[in-house]
Structures are given as structure tokens and as C-alpha cells.
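Just so you know, these numbers come straight off a predicted model, no measurement behind them. The sequence lines fix the lettering, A, B, ..., with proteins before strands; numbering per chain opens at 1.
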Number of protein chains: 2
Amino acid sequence: MKTIGIGQLAKEVGVPIDTVRHYERIGLLQPATRLASGYRRYGEAEQKRLRFIRRGKALGFTLDEIDELLALSAGRNVQSIRKSASARLTDIERRIEELNRVRDSLRQLIAACPGHGRAEACPILNALSEDAKP
Amino acid sequence: MKTIGIGQLAKEVGVPIDTVRHYERIGLLQPATRLASGYRRYGEAEQKRLRFIRRGKALGFTLDEIDELLALSAGRNVQSIRKSASARLTDIERRIEELNRVRDSLRQLIAACPGHGRAEACPILNALSEDAKP
DNA sequence: CTAAACTCTGGACCATAGTCCAGAGTCAAT
DNA sequence: ATTGACTCTGGACTATGGTCCAGAGTTTAG
């Protein structure tokens with residue numbers, strides 16, 4: 001089997017070397033083998049796995065979730081994978097809603113702020129300084 | 001001046017006691033004074049400041065940004081405050097865009113997944129396992 | 001006065017995802 | 001053979017925002 005070193009793996013997948021070692025430390029990605037010198041060697045499978053991790057992160061999964069996904073994937077449990085992805089979707093939708101609310105508040109505040117003059121007339125400060133408890 | 005203890009402050013503003021102490025440790029909120037026993041006492045100003053912090057967080061500002069905002073607020077520098085809020089808005093808009101992309105990807109993947117059958121037919125797994133480098 | 005409730009300190013620890021380092025050893029190309 | 005590039009380990013450190021703890025001391029209500 002053709003194997004590559006950690007530097008080449010990192011370069012080809014587009015992940016920092018330290019991050020590859022980090023993934024190993026947390027049990028997410030083990031090298032296929034080691035040279036007598038201790039140098040890590042990776043094969044096709046590890047390369048795929050690392051790409052899987054990278055894509056999972058791009059989709060907003062945490063490393064723990066990716067670990068889970070990889071386990072499910074190995075078990076070829078399509079139903080669980082679908083469920084996991086759905087949970088992720090719900091979470092992301094909730095976060096988007098939250099951010100939308102924040103964005104709207106900020107937009108209003110900024111639009112209402114003249115950008116000069118008395119601090120008392122700045123709605124941004126006022127919003128943060130309100131006496132009301134909410 | 002009427003002052004209150006840390007417990008009452010935490011309760012009234014709706015923040016855990018430990019968090020109030022944490023804010024003190026990082027230099028964000030100092031008690032107005034201390035009793036001879038060392039007990040912290042907070043006045044109106046501190047209560048306002050803590051509410052300011054709480055609202056800032058709700059708007060998605062980091063504690064560092066809130067610190068900055070408080071300094072600008074003390075300096076009553078309306079222009080800087082507006083700029084800071086605008087930067088925050090831009091950041092939030094960018095994050096929303098990112099999340100929207102992720103959400104769309106997940107939706108497509110989930111919609112295309114039958115939820116059963118061969119793993120090879122699961123588009124979620126396929127998306128994560130693609131041989132292509134992107 | 002006593003008992004319950006509150007508060008003090010300083011440091012450790014949590015999760016998340018890395019990032020960096022020194023000092024030693026190894027590999028590859030010339 | 002030598003040089004330059006690469007890799008090893010393990011632990012410390014980064015940032016963010018808390019959260020918890022023990023053991024001692026203080027305040028307050030009955």
C-alpha cells in the first residue's frame with residue numbers, strides 16, 4: 001500500500017499538520033502505520049477520513065458529532081445518519097433565527113443613530129443602558 | 001448610597017453569582033465598595049453596567065467588545081460607538097450567510113436521503129465521503 | 001444566641017479547537 | 001557525506017466564557 005507522511009497528508013487535504021496530530025490525540029484519526037523511526041504514515045482510508053472531517057466541519061458539525069457520524073458511517077446505519085443530520089439542521093436553523101433577531105436589532109439601532117452629537121441621542125447606547133430590566 | 005450584595009445583584013440582573021465574580025476577575029465590573037469583612041457592595045451604577053454587559057452579550061458582542069463599548073460610552077463618543085456596532089453588524093451578516101449555506105446543503109442532503117437502505121444511496125454519507133478534493 | 005443563609009479567596013477545571021515550542025532524531029537530495 | 005527539510009514527543013499555552021470547590025468567616029432572622 002502506498003502511504004504518505006503527515007506533511008503531505010496535511011498539504012493534500014488542506015489542514016495544518018498540528019491539527020492532524022491534534023485529531024490523533026483526541027482519537028479522531030490514527031495513522032495507518034508508523035515507520036521504525038516513529039514517523040506516521042497514512043493511506044487512502046485515512047486521507048478520506050480526514051477529508052470527511054474537514055467537510056463535516058464545513059457543514060457546522062463539531063468534532064464530537066463528526067466522530068459519531070464516522071461511527072455511524074462505518075456501521076452503515078443510514079437511518080441514524082439521517083437523524084443526526086436532521087438534528088444538526090434544526091440546530092442551525094435555530095442559530096440563524098437568533099442571529100436574524102440580533103441583526104434586525106442592530107440595523108434598527110444603527111439606522112437610528114445620527115453618528116454624532118449628544119450621547120443621550122444615541123439609540124445604541126440607550127439600548128444598552130436602558131433602565132428597564134429586560 | 002444604597003448598596004446591595006453580590007447575591008442580590010446577581011438575582012436582580014439575572015446573571016449567576018460566579019459570573020459576576022468572573023467579570024470582576026477580568027476587569028469588567030468592579031464592586032462600588034467592600035464591607036470591612038470583604039463583602040462586595042454594588043450601587044446603581046454597577047447594576048446598570050452589569051445590565052449593559054448582559055444586553056451586549058444578547059446582541060452578540062464579545063466581552064472584549066463590550067468592554068470597549070463601555071469605554072466609548074464613558075467617553076460619550078457616539079461616532080465610535082456607531083462604528084463599532086456597524087462592524088458587529090457586518091460580522092453577524094457574514095455569519096448568517098455562512099449558516100444559510102450550511103442549512104441549504106443539509107436540507108438538500110436530508111431531502112435526498114431515503115432514510116433507509118444501502119449506505120451507498122445515502123447522499124449525506126456521499127457528500128462527506130466524496131473523492132473530490134473540495 | 002443560634003442556626004441558616006450568605007460570602008470570601010484562589011485556584012482548578014470544563015468545553016472547543018487548535019497552536020506552538022524545544023530539543024532530538026530522521027529522511028531525501030546533491 | 002552533508003545539508004536542509006521534515007518529523008518526533010509531550011506539555012504548555014491560546015481564546016472564550018464561564019463553573020465549581022473547600023474551608024473559613026459573616027450576616028441576618030427568629
Side-chain angles (χ1 to χ4, degrees), chain A residues 2-42 46 49-50 52-70 88 91-92 95 98-99 102, chain B residues 2-42 46 49-50 52-70 88 91-92 95 98-99 102:
Chain A
K2 201 183 61 205
T3 62
I4 57 177
I6 192 170
Q8 204 184 335
L9 174 72
K11 195 171 167 188
E12 278 185 19
V13 178
V15 160
I17 286 186
D18 275 339
T19 297
V20 176
R21 291 206 193 95
H22 176 65
Y23 289 166
E24 182 176 345
R25 269 208 265 211
I26 65 175
L28 201 51
L29 178 72
Q30 304 303 323
T33 179
R34 298 253 190 167
L35 296 183
S37 61
Y39 278 32
R40 296 163 177 84
R41 302 302 295 183
Y42 300 89
E46 288 72 37
R49 193 175 170 96
L50 184 53
F52 188 109
I53 295 167
R54 191 170 58 56
R55 290 204 191 82
K57 269 169 43 69
L59 285 179
F61 291 88
T62 66
L63 295 183
D64 266 6
E65 288 168 332
I66 291 169
D67 199 27
E68 190 192 332
L69 239 28
L70 280 163
R88 183 100 296 266
D91 180 44
I92 285 177
R95 275 155 64 192
E98 251 171 49
L99 286 179
V102 171
Chain B
K2 201 180 63 207
T3 63
I4 59 178
I6 193 171
Q8 205 185 334
L9 174 73
K11 196 171 166 190
E12 280 185 18
V13 178
V15 161
I17 286 187
D18 274 340
T19 298
V20 176
R21 291 204 193 94
H22 176 66
Y23 288 167
E24 181 175 345
R25 269 207 265 212
I26 64 175
L28 201 51
L29 178 72
Q30 304 304 322
T33 178
R34 297 253 189 167
L35 296 183
S37 61
Y39 278 32
R40 295 163 177 85
R41 303 302 296 184
Y42 300 88
E46 287 74 35
R49 194 176 171 96
L50 185 53
F52 189 110
I53 294 168
R54 192 170 57 56
R55 290 204 192 83
K57 269 168 45 69
L59 285 179
F61 291 89
T62 66
L63 294 184
D64 267 5
E65 288 169 331
I66 291 169
D67 200 26
E68 189 192 330
L69 240 26
L70 280 162
R88 183 100 297 263
D91 180 46
I92 285 177
R95 276 154 65 193
E98 251 171 46
L99 285 178
V102 172

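A heavy atom lying under 4.0 Å from DNA chain C marks the following residues of residues 61-69 of chain A, by number: A:Thr62, A:Leu63, A:Asp64. DNA chain D is contacted by A:Arg25 of residues 22-31 of chain A, taking any non-hydrogen atom closer than 4.0 Å.
Atoms CD1 and CG, from B:Ile92 and B:Leu99 in turn, are 11.5 Å apart once rounded to the nearest 0.5 Å. Taking CG of A:Leu9 as the start and CZ of A:Arg40 as the end, the distance is 11.0 Å to the nearest 0.5 Å. Note that CZ of A:Arg49 and CD1 of A:Ile66 are 10.5 Å apart. Values are rounded to the nearest 0.5 Å. Residue A:Thr19 holds its OG1 atom at 8.0 Å from NZ of A:Lys57, rounded to the nearest 0.5 Å. Considering CZ of B:Arg54 and OH of B:Tyr23, their distance stands at 10.0 Å, rounded to 0.5 Å. Distance check: A:His22 NE2 to A:Arg25 CZ gives 8.0 Å after rounding to the nearest 0.5 Å.
When all heavy atoms of A:Leu70 and A:Ile53 are compared, the pair lying nearest together is CD1-CG1, 4.2 Å. Closest approach of B:Thr62 to B:Glu65, counting heavy atoms only: N-OE1, 2.8 Å. What you find for A:Ala10 and A:Ile17 is that their closest heavy atoms are CB-CG1, 3.7 Å.
Along DNA chain D, the nucleotide nearest A:Ile17 and the nucleotide nearest B:Asp18 are compared for position; the residue whose nucleotide lies closer to the 5' end is A:Ile17.
Within the nucleic acid shown, B:Arg21 comes within 4.0 Å of at least one base atom, counting heavy atoms only.
Listed by chain and residue number, B:Arg21 satisfy the side chain to side chain contact (heavy atoms under 4.5 Å, CB included) test with B:Asp18 (two or more places apart in sequence, or in another chain).
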Q: Give the C-alpha distance, both sets of side-chain angles, the deciding distance and a yes or no for side chain to side chain contact (heavy atoms under 4.5 Å, CB included) between A:Tyr42 and A:Leu50.
A: CA-CA 10 Å; A:Tyr42 300 89; A:Leu50 184 53; over 6 Å; no

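In this structure, B:Lys57 does not reach the D:dT16 phosphate: none of its side-chain N or O atoms is under 4.0 Å from OP1 or OP2.
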Between the protein and nucleotides 27-30 of chain D, which nitrogen or oxygen pairs come in under 3.5 angstrom?
unit_1: D:dT27; atom_1: OP1; unit_2: B:Ser37; atom_2: OG; d: 3.2

For residues 28-35 of chain A, tabulate all N or O donor-acceptor pairs below 3.5 Å that involve a side-chain atom, not counting sequence neighbours.
unit_1: A:Gln30; atom_1: NE2; unit_2: A:Glu24; atom_2: O; d: 3.4
unit_1: A:Arg34; atom_1: NH1; unit_2: A:Gly38; atom_2: O; d: 2.9
unit_1: A:Arg34; atom_1: NH2; unit_2: A:Glu24; atom_2: OE2; d: 2.9

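For DNA chain C, the contact window with chain A, defined by any atom under 4.0 Å from a protein heavy atom, covers C:dT16 to C:dC27 in 5' to 3' order.
Atom CD1 in A:Ile4 sits about 10 Å away from atom P in D:dT7, given to the nearest Å.
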